Amino acid sequence: MKVMKLFIVESPVKAKTIRKFLGKEFIVKATAGHIRDLPSKELGIEEESLKAKYVYVKGKKKLVEDLKKLAKKCKEVYIGTDPDREGETIAFFVREEIRKVNPNIKRAIFFEITPKAIKESIRKAGDINMNLVYAQFARRILDRLIGYKVSPHLWRTFRSFRLSAGRVQSPALRLIVEREMEIREFKPKTYYYVKAVFNIGENKLEAVYDYRYENPSDAQIILEKIKKGIFRVSEIDVKKEAISPPKPFITSSLQAEANSLLGFSPEKTQSIAQRLYEEGFITYPRTDSYRMNEEKAKEFIEYIRKNYGGKYAGKIRQFKDAKLSQGAHECIRPVSLYVYPEEKEQKLLYDLILKRTLASLMSACEVERIKVYIEVLSPYLKESITMVAKMVRVLFKGWTLIYPYDIEENYVGNIKEGDILKAEDIFIDKKRTQPPPRYTEGSLVKTLEKLGIGRPSTYAMLTGLLKKRGYVRLNKRSLVPSDVAFEVIDYLKENFHTLMEYSFTADMERKLDEIEEGKRNWKEVVKEIKNKVLPYD
DNA sequence: CAGTGAGCGAGCTTCCGCTTGACTT
């Protein structure tokens, strides 16, 4: 009589946790990602029929054999891989293997790893959703067709192996190259303007006459006239502004913030985050969902109330996910407020995650933006001139109490309409217009995420790939494209312009959605997109 | 007889996304 039950998940860390929740009759195992995939050394797709050849992923053959042996001994098998397109496909391939030895297989779905959610997933376990699997087939096969059919064009054209093109890497490279072109074409302009420093009691207030002169001599003429004037406050404009707290971290924003605040590369951030996750300090680090467990959010808000005061505690709220989010996991947040990592870099990253999580649940920062218009009264001036001073006053810090946010407070005191100001100094200042900045690894990831290009599990690997191909190098923290990159992008734009549209992934994603909803046949979608991207094939 | 060149075939490169631990540098 068989009594044992088998529960299969993707991540070994999750398996360990779930093992604790389920009783002794459960064996919990992990697939560690995909078990079957297209072969890497050949296309693996029969193009007319779109029949694909799937082989075992390296090292997974033995794992599958082990799972089968266990399944044979068990009464029931539950497949609890992630609740998204990739997870459903892993479940599909696992079922294909296991049903040869045990047909009693069910698909269990859960969105958080709590005893309650896991047990419920078992009670409600059902069938595999083939529409999700079909959407994954379409995604996988299109990526393969694009990558393996476009890349050889580059080898031939540039007589250089190892060059590559792909749905993600090529638009990403285009961003970097086009930014570089903007920088090269940028002609800096120097301009001159009149600046004054006024004494307000003990403090100083800077005001400018915002007319940009190309010639310092023109500025000099107006400066002399202004110097002889008197300065009267003609209008004060006060605007209150609430600066909302940031959303909690997801993979892309964590990589971007750790890059700019801690100087960590996305790769480094991911590997530290993975350790924090495995050691139980944070939630799953590869996610595109802002969802936060409600119990935890309440606990965090209570913590804010106790430690910073009730005024700083925000409301419990859920942030909306991006349209393309697959929503399988929570945001990246501490698991508990009462454990802390020891290791130095883990501590730095954990601290950032902790602060960001708390900040996301705090009250808004309130500021006053005050514009002071100062009329220059001078008989030497034909037309009246108005100088402007901008003041910022922080009324309430809110979430900026604990999370870094650039805000320069320069409130110098009360100023009233009609006040006559005393100028301490009036002079000509100059500024140069600045070219746009190069992408950093962090800002690139953020831009890609906005465009819906790439996924949390691959962001960190992207610049590594572009470097390996000789497309970019890292200077300080900026991404600099090579000459080859310019030529390749030119060529791809000329010959594969559909692929090079920044909206390509989002357009494709909409069609994959239709497959998921059962509205379209996956093979039709693949053929349609393939014909657009590879028209001469 | 040494050097040249045409012709042929073998071997190799490439994608994106899911997940670790077992490798080497």
Side-chain angles (χ1 to χ4, degrees), chain A residues 8-16 29-45 52 54 56-60 62-63 81-94 132-133 135-173 251 270-271 273-275 277-278 284-288 324 326 328-329 448 452-462 464-466 468-471 488 492 496 499 504-505 508-509 512 526 529-530 533-534:
Chain A
I8 299 169
V9 295
E10 277 179 58
S11 154
V13 184
K14 279 187 195 169
K16 210 171 137 198
K29 289 282 169 190
T31 69
H34 278 290
I35 57 166
R36 308 267 291 164
D37 191 15
L38 298 172
S40 64
K41 292 211 156 50
E42 53 173 314
L43 187 65
I45 300 157
Y54 281 95
Y56 289 108
V57 172
K58 215 174 117 205
K60 294 295 169 71
K62 185 180 176 306
L63 187 144
T81 45
D82 292 353
D84 57 24
R85 202 190 287 154
E86 301 294 328
E88 204 72 14
T89 307
I90 294 170
F92 168 80
F93 282 117
V94 168
L132 284 182
V133 179
Q136 198 274 355
F137 286 171
R139 198 280 302 157
R140 181 67 188 94
I141 285 170
L142 276 168
D143 280 341
R144 169 55 65 91
L145 286 171
I146 292 167
Y148 275 35
K149 289 200 163 267
V150 177
S151 298
H153 282 276
L154 298 180
W155 306 339
R156 266 177 267 136
T157 309
F158 298 95
R159 279 178 227 87
S160 162
F161 290 152
R162 298 200 96 88
L163 291 182
S164 63
R167 173 176 58 85
V168 170
Q169 60 171 285
S170 297
L173 185 58
T251 306
Q270 263 340 92
S271 98
Q274 179 69 18
R275 289 296 299 278
Y277 164 65
E278 287 170 5
Y284 195 70
R286 290 177 290 274
T287 176
D288 58 2
L324 301 175
Q326 311 217 348
H329 301 98
L448 291 174
I453 300 173
R455 303 281 312 140
S457 69
T458 55
Y459 292 137
M461 290 153 61
L462 181 65
L465 178 69
L466 295 179
K468 198 172 147 197
R469 299 272 172 270
Y471 288 147
V488 166
L492 291 175
F496 298 95
L499 167 65
F504 178 66
T505 291
M508 177 169 130
E509 205 63 43
L512 296 181
V526 169
I529 295 176
K530 184 193 160 206
V533 179
L534 309 163

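Quick caveat, the model's predicted, so the values are computed rather than measured.
- Between A:S457 and A:R286, the side chains place no donor N or O within less than 3.5 Å of an acceptor N or O (distance only, hydrogens not considered).
- Remark: A:K41 engages no residue in a salt bridge (charged side-chain N to carboxylate O under 4.0 Å, His left out) (not counting sequence neighbours).
- Using a 4.5 Å heavy-atom threshold, the side chains of A:I529 and A:F504 count as touching.
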Exercise for the section: Fill in the dot-bracket string of DNA chain B, one character per base: . for unpaired, | for a pair to another strand, ( ) or [ ] for pairs within the strand, taking Watson-Crick or G-U pairs under 3.5 Å. Expected result: .........................
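- Distance A:L466 CG to B:dC15 P: 10 Å, rounded to the nearest Å.
- Following rounding to the nearest Å, A:K60 (NZ) and B:dG17 (P) show an atom-to-atom distance of 17 Å.
- For the pair A:F504 CZ and B:dC15 P, the computed distance is 16 Å after rounding to whole Å.
- At B:dC16, none of the side-chain N or O atoms of A:R144 fall inside 4.0 Å of OP1 or OP2 (strictly under the cut-off).
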List the atom pairs, with distances to 0.1 Å, where a side-chain N or O of residues 142-152 of chain A and a protein N or O form a donor-acceptor pair under 3.5 Å, not counting sequence neighbours.
residue	atom	partner	partner atom	Å
A:D143	OD1	A:R167	NE	2.6
A:D143	OD1	A:R167	NH2	3.4
A:D143	OD2	A:R139	NH1	2.8
A:D143	OD2	A:R167	NH2	2.9
A:R144	NH1	A:P39	O	2.8
A:R144	NH1	A:E42	O	2.8
A:R144	NH1	A:L43	O	3.0
A:R144	NH2	A:P39	O	3.2
A:Y148	OH	A:S40	O	2.8
A:K149	NZ	A:E47	OE2	2.9
A:K149	NZ	A:D537	OD2	3.1
A:S151	OG	A:G147	O	2.6
A:S151	OG	A:A165	N	3.1

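- Spacing between atom CG of A:L512 and atom C1' of B:dC16 amounts to 12 Å, rounded to whole angstrom units.
- Residues passing the side-chain contact (heavy atoms from CB on, under 4.5 Å) test with A:T31, sequence neighbours excluded: A:I8, A:E10, A:I35, A:I90, A:V94.
- In this structure, the side chain of A:T157 engages the main chain of A:H153 through a donor-acceptor pair within 3.5 Å.
- As judged by a 4.0 angstrom heavy-atom cut-off over every strand, A:G59 is placed among residues making no nucleic acid contact.
- Mapping A:H329 and A:I146 onto DNA chain B via the closest heavy atom, the residue that lands nearer the 5' end is A:I146.
- Taking the salt bridge (charged side-chain N to carboxylate O under 4.0 Å, His left out) definition, one finds that A:K60 meets it with nothing, sequence neighbours left out.
- By the salt bridge (charged side-chain N to carboxylate O under 4.0 Å, His left out) test, A:K29 is found to be paired with no residue, residues two or more places apart in sequence or in another chain being considered.
- At whole-Å resolution of the value, CD1 in A:I141 and C1' in B:dG17 are 14 Å apart.
- A:D143 has its CG atom 4 Å from the C1' atom of B:dC16, to the nearest Å.
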Exercise for the section: Let me have a per-nucleotide readout for nucleotides 6-14 of chain B, 5' to 3', with B, S or -, counting only protein heavy atoms under 4.0 Å. Expected result: ------BBB
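- Looking at residues two or more places apart in sequence or on another chain, you find no salt bridge (charged side-chain N to carboxylate O under 4.0 Å, His left out) involving A:E278.
- On a pure distance criterion of 3.5 Å, a polar donor-acceptor pair joins the side chain of A:R140 and the base of B:dC15.
- Straight-line distance from the OH atom of A:Y459 to the P atom of B:dC16: 14 Å, rounded to whole Å.
- The side-chain contact (heavy atoms from CB on, under 4.5 Å) test applied to A:L132 returns A:E88, A:N129, A:E516, not counting sequence neighbours.
- Remark: A:R36 engages A:Y54, A:Y56, A:F93, A:E97 in a side-chain contact (heavy atoms from CB on, under 4.5 Å) (not counting sequence neighbours).
- Residues satisfying the side-chain contact (heavy atoms from CB on, under 4.5 Å) criterion with A:V488, sequence neighbours excluded, are A:L154, A:F158, A:L163, A:Y471, A:V484, A:L492.
- Taking atom CD on A:Q270 and atom C1' on B:dC18, their separation rounds to 13 Å, with Å as the unit.
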N/O to N/O distances under 3.5 Å, protein versus nucleotides 20-22 of chain B:
residue	atom	partner	partner atom	Å
B:dT20	OP1	A:S11	OG	2.8
B:dT20	OP2	A:Q274	NE2	3.0
B:dT20	OP2	A:R286	NH2	2.8

